[in-house]
There are 2 protein chains.
Amino acid sequence: MKNSEGSQALLEEAASKLRQAGYKLTRPRRVIMEWFYRKQEHATPHQVHAAVKDFGVGLTSVYRNLELLAQVGILRQVCFHDGYQRYEPVLPGDHHHHLICSGCGKVVKFFNCDLDKLEEQLAAETGYVVDRHMLQVFGYCRRCQKDR
Amino acid sequence: MKNSEGSQALLEEAASKLRQAGYKLTRPRRVIMEWFYRKQEHATPHQVHAAVKDFGVGLTSVYRNLELLAQVGILRQVCFHDGYQRYEPVLPGDHHHHLICSGCGKVVKFFNCDLDKLEEQLAAETGYVVDRHMLQVFGYCRRCQKDR
DNA sequence: GGTCTAACTGAAATTTGATTTCAATTAGAC
DNA sequence: GTCTAATTGAAATCAAATTTCAGTTAGACC
């Protein structure tokens, strides 16, 4: 599967999710989604805006649509605990978390979190319907270890 | 061990940590630490300020000292992904995480995260020196399940 | 005890991320 | 093509967080 084709398929899937939820497929939304599917990386609202403002998409719309796209399940919020909101595209079969360097902020994805049993146990103990989880691991990357 | 005694011991331990790091034990710092050790709960900077302003501690000092106390290891940052910074006291032998209701924000602590092996594995794979991790589990509490 | 100085403080000003307002535009149903 | 509710961008606003700065204080050293 070529990347462009994958991107196209994702975009159609996303458009259908939007319609299903009763939202329009507007230009700003398409531009933002295309950008995320091309980049396949997390980004702050300001980073997204920097990337899409030349297509006439304002910062307000970026904020509004990042929230809306996350609510519909096209994006998800991630958090590196540095005071910035971030979003990343939800890609099929891509459950991962982030290992974050406390020195330079460099981020590495990892995939083996294995927290299903914990979720079940928590649900049983608390009566919560458990939805999802977020995990951040912190440390220092090789370069930052040397610099100290 | 009575609570007041525990609080006292924690405070002395904390004062020693401060001194060791080259910081002074000022009145605002003592007030903030005492409050956290008494309450033993997470709080936002504004909540802390509301609690300590009558002792003459300004909001600026609250922000500055929450950050400093976290850096020294007396407090730690926690995050419920609702856009507010939060801090909680670091208590001996108290490694826990939070189960958060996406409906009403209610928070339940839990203690069995069992991520040591994952941390080791990540360290081996990436060369990072792994420090710590943060985990948030999301769902809906009983009451919020009914309300939907 | 007193003296000294760098660390620290609170108040005010400022910055900045995020939200709200509102008149103009547009997607998409008909 | 027509219509209308959803959506937009710019500007105003809000609020969290940070910076500035002159005054205060903890605690090291007599």
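Chain letters run A, B, ... following the sequence lines, proteins first, then strands; residues in each count from 1. The figures that follow rest on heavy atoms only: side chains count, while hydrogens, waters and symmetry mates do not.
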Without hydrogens or angle criteria, can the side chains of B:Gln85 and B:His46 be said to hold a donor-acceptor pair below 3.5 Å?
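Looking only at side-chain atoms, B:His46 and B:Gln85 do not form any donor-acceptor pair under 3.5 Å.
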
Are [X] and [Y] near enough that their ring centres are under 6.0 Å apart?
{"X": "B:His133", "Y": "B:His95", "value": "yes"}
{"X": "B:His81", "Y": "B:His98", "value": "no"}
{"X": "A:His42", "Y": "A:Phe80", "value": "yes"}

Is there any side chain to side chain donor-acceptor pair (under 3.5 Å) pair reaching into residues 100-109 of chain B, and which pairs are they, with sequence neighbours excluded?
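Those involving residues 100-109 of chain B do not exist here.
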
Rounded distance (nearest 0.5 Å) linking atom CZ of B:Arg143 with atom NZ of B:Lys146
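Interatomic distance, B:Arg143 CZ to B:Lys146 NZ, rounded to 0.5 Å: 7.5 Å.
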
Could you tell me the separation between the [atom1] atom of [X] and the [atom2] atom of [N], rounded to a whole number of Å?
{"X": "A:His81", "N": "D:dA16", "atom1": "NE2", "atom2": "P", "answer": "20 Å"}
{"X": "A:Met33", "N": "D:dT7", "atom1": "CE", "atom2": "P", "answer": "12 Å"}
{"X": "A:Asp82", "N": "D:dA17", "atom1": "CG", "atom2": "P", "answer": "13 Å"}
{"X": "B:Arg30", "N": "D:dT25", "atom1": "CZ", "atom2": "C1'", "answer": "12 Å"}

Reading nucleotides 16-22 of chain C 5' to 3', which nucleotides get B (base under 4.0 Å from a protein heavy atom), which S (sugar-phosphate only), which -?
-SBBBB-

Just wondering, more than 12 heavy atoms not from B:Asp94 lying within 6.0 Å of its CG?
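Correct, the count exceeds 12.
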
Where is the tightest heavy-atom contact between A:Leu66 and A:Pro45, given as atom of each residue plus distance?
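That would be CD1-CA, 3.7 Å.
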
Distances under 3.5 Å only, N/O to N/O: pair up the protein atoms with those of nucleotides 26-30 of chain C.
from	atom 1	to	atom 2	distance (Å)
C:dA27	N3	A:Lys24	NZ	3.0
C:dG28	OP1	A:Leu25	N	2.8

Considering just the side-chain nitrogens and oxygens of A:Asn65, establish if one lies under 4.0 Å of OP1 or OP2 belonging to D:dT7.
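Result: no.
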
